[in-house]
Every structure is written in structure tokens, then in C-alpha cells.
Amino acid sequence: MGKTEKYDHMKLIRQYAGGHSTLITLGRFLAAVSAVLTLIPYYELWKIIRCAVKGEDTDKIKVYAWSAVAMIVGALFIYIGALLCTHVAAFRVQANMRSSLMRRIITLPLGVFDEDGTGKIRRIVNDSTAATETYIAHTLADKTVAAITPVGLLVLVFAFNWKIGLFCMIPALIGFACMMSMMGKDMQEKMKQYQDALETMSSEATEYVRGVPVVKTFGQTVHSFKRFKACIDGFCKWTTDYTLMLRFPMTGFMTCINSIFAFIVIAAFVITKNGTSNADILNIMYYIIITPLITIALTKIAYSGEAEMNLIDALKRVDRIMEIEPLKESKSDRKPADHGITLKNVSYRYKGAGRDAVSNVSINIKPGEHVALVGPSGSGKTTLAELMVRFFDVTEGEIALGGVNVKEMSSAELMRQVSFVFQDSRLIKKSIFENVRMSKPSASEKEVLDALEKAQCMDIIEKLPNGIHTVIGETGTYLSGGEQQRITIARAVLKDAPILILDEATAFADPDNETRVQAAFEELSKNKTLIMIAHRLSTVMNADRIFVMDDGKCVESGNHEELMEKNGLYRCMFDEYTKSIEWKVGA
Ligand code: ADP
Ligand code: MG
């Protein structure tokens, strides 16, 4: 319970609950009534024991017993009513949270999904809202019970024999102190670290599984395994440290609350040292029966405290997504005059980065021109391409498409103008037909087949059990990285946008695939403005113009011959590249 900061989680929950927030109040009220009703039978029980000890008639006992049963059944039904209320409210809150999250997520710049990792976002939408649901549905009612019961118990404990009551209170108080020490002020921070570790692990796992094609193609096994393993190791260390830190208070708490019994025994010795009376026996028996209640109440308080910290953490995570600035959607319906792209002094810096990923780049791509971006890894090629399709907005400068600033174009118009096949293009778990058709939902089966043919995919389709209606990822239908890429190219073919951006689109292609992928590109880029990023320099040699990026800047430009003559970075890279091919052939 982070007392250092005031975080009004109930206010937030009520906002999400909207009209259903009265149900939360009603649920808590019913839970309180049920808590009180649950305690009354213990008074009946005391009367029953008194009858038994005195040897009174059984009819009286029956009446007490039945009234206790009635009370318990009544309390149970009221508790069920309370849970019904809180559940209905909880489902509403969860649904509202998810839909406002999703409404926000679709307005976010596409780049956010690169930065944050899709695994993390998925975890927040699924798990953080589920944690909120659990809290409202179950914990709120329990928390109310946990707050009422100790007060009622205190009355019960001291009502019959204050001396035994006092003995019972000793371990309960020590246990309570242990519990409070566990919930010290850095507990909320610890909970955050725990959730962070879980989040990183989950996102690393998702990215790891998704990255398997890359791992296979580039033999990155050790590298990618390291990152995944590091976060599991980190989690393991954190959990161990945390457990060790809590071992004393936790054992103290468990020992105390479970040892109230032992204290009653001591109390029994103390009060019976001058002879035993019936009343003493009655009280001792009675206390033996009610002390487990104290144990249960304290455990509930401990757990509801933990659940509350979990909830606050979950709500904060949801807030973080809700606070990301959405991409400003332009209201204007300006149409680009042609299919050229102009970059004027464009700079971009990633959030939290120390330096620009792209710095002061000015490029003018004419309509219909085929250009290539080359440069060492990390030189800003992908970032530049992503800026052109507004994955992010430039930090400085301006990007215009056919004379219209991309910020002043509606995103629908921008997407009509541009197709892109990125390095990590992914297919979704649907049929090939649906996957290709995503770029043009109105397309007929024939159009889809045409696109697949142009993208050189027919050999893939022929292998599949249900042709283009085969669902990817089901019953062992997996495609290789190169094959997946060809399907995403078919997607771009079908969309047929006038500007095409290919980012290392042949990266996964094996030699056999590569010629096919190349052929597909040639088909795809006819009469189009083409921006191509490639690390195989053989694929960019024929470009009209090549821009060489280094460290975020555009350092050279020209066609292949001109650049070779310049004897600069391009020449250097090309020589390296030729050597690596010869080396491969030689090997
Ligand atoms: P390239 O495509 O040429 O390999 P990138 O555009 O991917 O280069 O990266 C350019 C620079 O921006 C690199 O220094 C890289 O580390 C950094 N960068 C790329 N993506 C991100 C990101 N999501 N967050 C922070 N920095 C990034
Ligand atoms: Mg790149």
C-alpha cells in the first residue's frame, strides 16, 4: 500500500464503470451485511456450548442451532448477491477499459508498436484489464469483509472473557505488525518491478518466437537467445531476492496467526490455576472455536493489500498507453499532385535517445523514379522509410508527397498512395486469401490469384492442402521466411499503390527464392515510384539513383557508376560486398 503517493484508484474505476458504479457500492454494502451476519452464529454457538456445559435441555440447543444455520445461509445468499453486483460491474469496467484502450491504440503512430513491442501492448490490453476485473469482482467484496470482520471479532473476543481475549490479541497484533512491515513503502515499487519483469519476459518471448525466421536465416541463435535468457535470469534473480527479503516477516506472520491456539492454552492455564469452573470451560472451548476466524481475517487483509497494489500497477500501465500522444489526423482532403517525394531537412530522434537517428536529410525523389537507400546497419535507412509513411512525425523538417505535407494528408489518402513491404512483414493466422486481401478488402478471388501469380507465389500455393484457402499456422502449415515475404509482396501487388517502399525485402530470401523475389519486384515496381533499401548491393545497382546513408546523414548520392567513381563510402561497401560473395563462392 504505497502511502507515499495518493493514487485514487477507486475514482478511476468508477469512471470506467460509468452508470454501473452504483453496483460497486451496492456490492460492497451487501458484503458488509453478510460479514456481520456471519459473525452472529458464533454468539449462538457460545449459547449452545453454555447449554451443553450446564446440561440444559436439548430443545433450546435446537433453536440456537437452527437460528445459526439460518443466519449462515442468509449471509451466504447476501454474499452471492454482493458478488453478482461486483461481477456485473467488473465485466463492464473490463469491457470499457479494453474498448477505450483499443480506440486509443488505433490512433497511435505505427512506430509506437515498434518501440514498445507488440507483446507488451498485448499484455496490457489483456492482463492489466483482467487484473482490474479480478480486483473489482472478488477483492472488493473480500476487502469489505476483511475490514468488518476484525471489528466484529474484537467485540466477540472481549465480550465473554477479556483475559483470554487479551491473550488472543498478542499473536494477532505481532502478526499484523509483520504484515505491515511487509507492506512497507517500497512495496508498490517492488510490485512494479515484478510486473515490469513479467512484461519484459512476455514481450521478449513473443518477439523471440516471431523472430524465429530471422534467427534461422541469419544464424542469430546465440545472440537472440542471450536476450531472452537474460530477462528470464533477471526475473529469476528478482524473485529470489524478493522471496529472501520477505522470508522473515512472512514466516513471522504465518507463525503468529497460526499460533493463536497456543496462546489460548497458556490463557487456559492462567485462568484455571485457582480451580476450574463451568464458565471457564465454556469460554475456553468457545475461544478455541473462534480463533481460526482471526487467522482467516488477517490472511484476507494481507491478500487484499497485495491485490490492491497489483490493481494500482495495472491501472498505471493502462494510463501509460492512454497518455501516448495519438497521431494528429488531418481534416483536410488535399490530394497529392503527383507521386514524387520531397524530404526537406528531415531529422528524427527516438524518444529517450541521445542522438538523432536521421539528421538533416534532404532528398528529392521524382515521380516514377527508382531510388535505393544503402548504408551500414543502424545508419537510419529504416527510420527514414518509416518517416515517409508517417510511422512517426519528423522532429524537424518536412516530408511532402506530391507537394502535400504528409501531416496535412488524411491517413487514408496516404495509405492509398503508398505500399510498403518491411523487413519484418508478418502474416496473420488466417488463410492466404484473407492475408493478401487485407490490402484491398473488396478484391475478388481472381484478383487475389492474379496478385499471387505476379508475386511468384504459385509454387507456394500448389504445395498447400487447400490452396489459397489454407490457414497459415494451422496443422503444421508454416511458410519459410522467404515464402512469407513473397505473400506480403502479393499483398502489395494487389494494393497497386503508385509509391512503393521496400525495406530489405529480400532479406529472408534464399538463393532460389531471391531470383523469384527479384522478378516479383520488377513486376511490382513498373511505372511506380520505388524506394528500395537493400543490403545485397547487387539488387540496387540498376536503380536510377542511390542515396548512401551514414550515421543518420545522407553522405553521397548518384547512380552506381557515378558513386563507384567517387571512391567514397559506396565504393568501399561495394568492394566489401563483392569480396563477401567471392568468399562465399570460394568457401
Ligand atoms: P538501418 O535501417 O539503417 O539499419 P535504423 O533506421 O533501423 O537503421 O536505425 C537508425 C538508428 O536509430 C540506430 O542507431 C538505431 O539504434 C536507432 N533506432 C532504431 N529503432 C529505434 C527505436 N525503436 N527506438 C530507439 N532507437 C531506435
Ligand atoms: Mg533497417
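Small disclaimer: the values here were computed from a predicted structure and weren't measured. In each ligand, atom 1 is the first atom listed, and ligand 1 is the first ligand listed.
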Under a 4.0 angstrom heavy-atom cut-off, which atoms of ligand 1 come close to [X]?
{"X": "Thr383", "value": "5 (P), 6 (O), 9 (O), 10 (C)"}
{"X": "Ser377", "value": "4 (O)"}
{"X": "Ala357", "value": "11 (C), 12 (O)"}

Working for side chain to side chain donor-acceptor pair (under 3.5 Å), residues Ser538 and Tyr577: CA-CA 9 Å; Ser538 58; Tyr577 175 72; 3.1 Å; yes
Pair Lys528 + Asp496, salt bridge at N-O below 4.0 Å: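 Here Lys528 pairs with Asp496 in a salt bridge, since their nearest N and O are under 4.0 Å apart.
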Donor-acceptor pair between Arg349 and Thr395 side chains, under 3.5 angstrom: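 No, no side-chain donor-acceptor pair sits under 3.5 Å.
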Under 3.5 Å side-chain donor-acceptor pair for Arg491 and Asn435: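 Indeed, the side chains of Arg491 and Asn435 share at least one donor-acceptor pair under 3.5 Å.
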Nearest-option assignment for atom 25 (C) of ligand 1, heavy atoms, candidates Phe392, Tyr348, Tyr350: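 It is Tyr350 that holds the nearest heavy atom.
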Any N/O pair Gly378/ligand 1 closer than 3.5 Å: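 Looking only at distances, the answer is yes, because the N/O contact criterion of under 3.5 Å is met.
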N or O pair under 3.5 Å between Lys381 and ligand 1: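 It does: an N or O of Lys381 is found under 3.5 Å from an N or O of ligand 1.
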Pair listing, side chain to side chain donor-acceptor pair (under 3.5 Å) test, anchored in residues 371-393, at least two apart: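 Qualifying pairs, neighbours excluded: Tyr350-Thr383, Thr382-Asp503, Arg390-Asp393.
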The Mg ion (ligand 2) contact by Ser377, N, O or S atom under 2.8 Å: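 Under 2.8 Å: Ser377 has no N, O or S contact with the Mg ion (ligand 2).
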Tyr194 ring center within less than 6.0 Å of Tyr242 ring center: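 Not under 6.0 Å, so no.
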Gly375 heavy atom under 4.0 Å from ligand 1: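 Contact absent.
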Non-hydrogen atom of Ser379 closer than 4.0 Å to ligand 1: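 Right, Ser379 reaches ligand 1.
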For residues 548-556, please give each side-chain donor-acceptor pair under 3.5 Å, one per line with the distance, not counting sequence neighbours.
| residue | atom | partner | partner atom | Å |
| --- | --- | --- | --- | --- |
| Asp551 | OD1 | Arg355 | NH2 | 2.2 |
| Glu556 | OE2 | Leu569 | N | 2.6 |
| Glu556 | OE2 | Tyr570 | N | 3.3 |

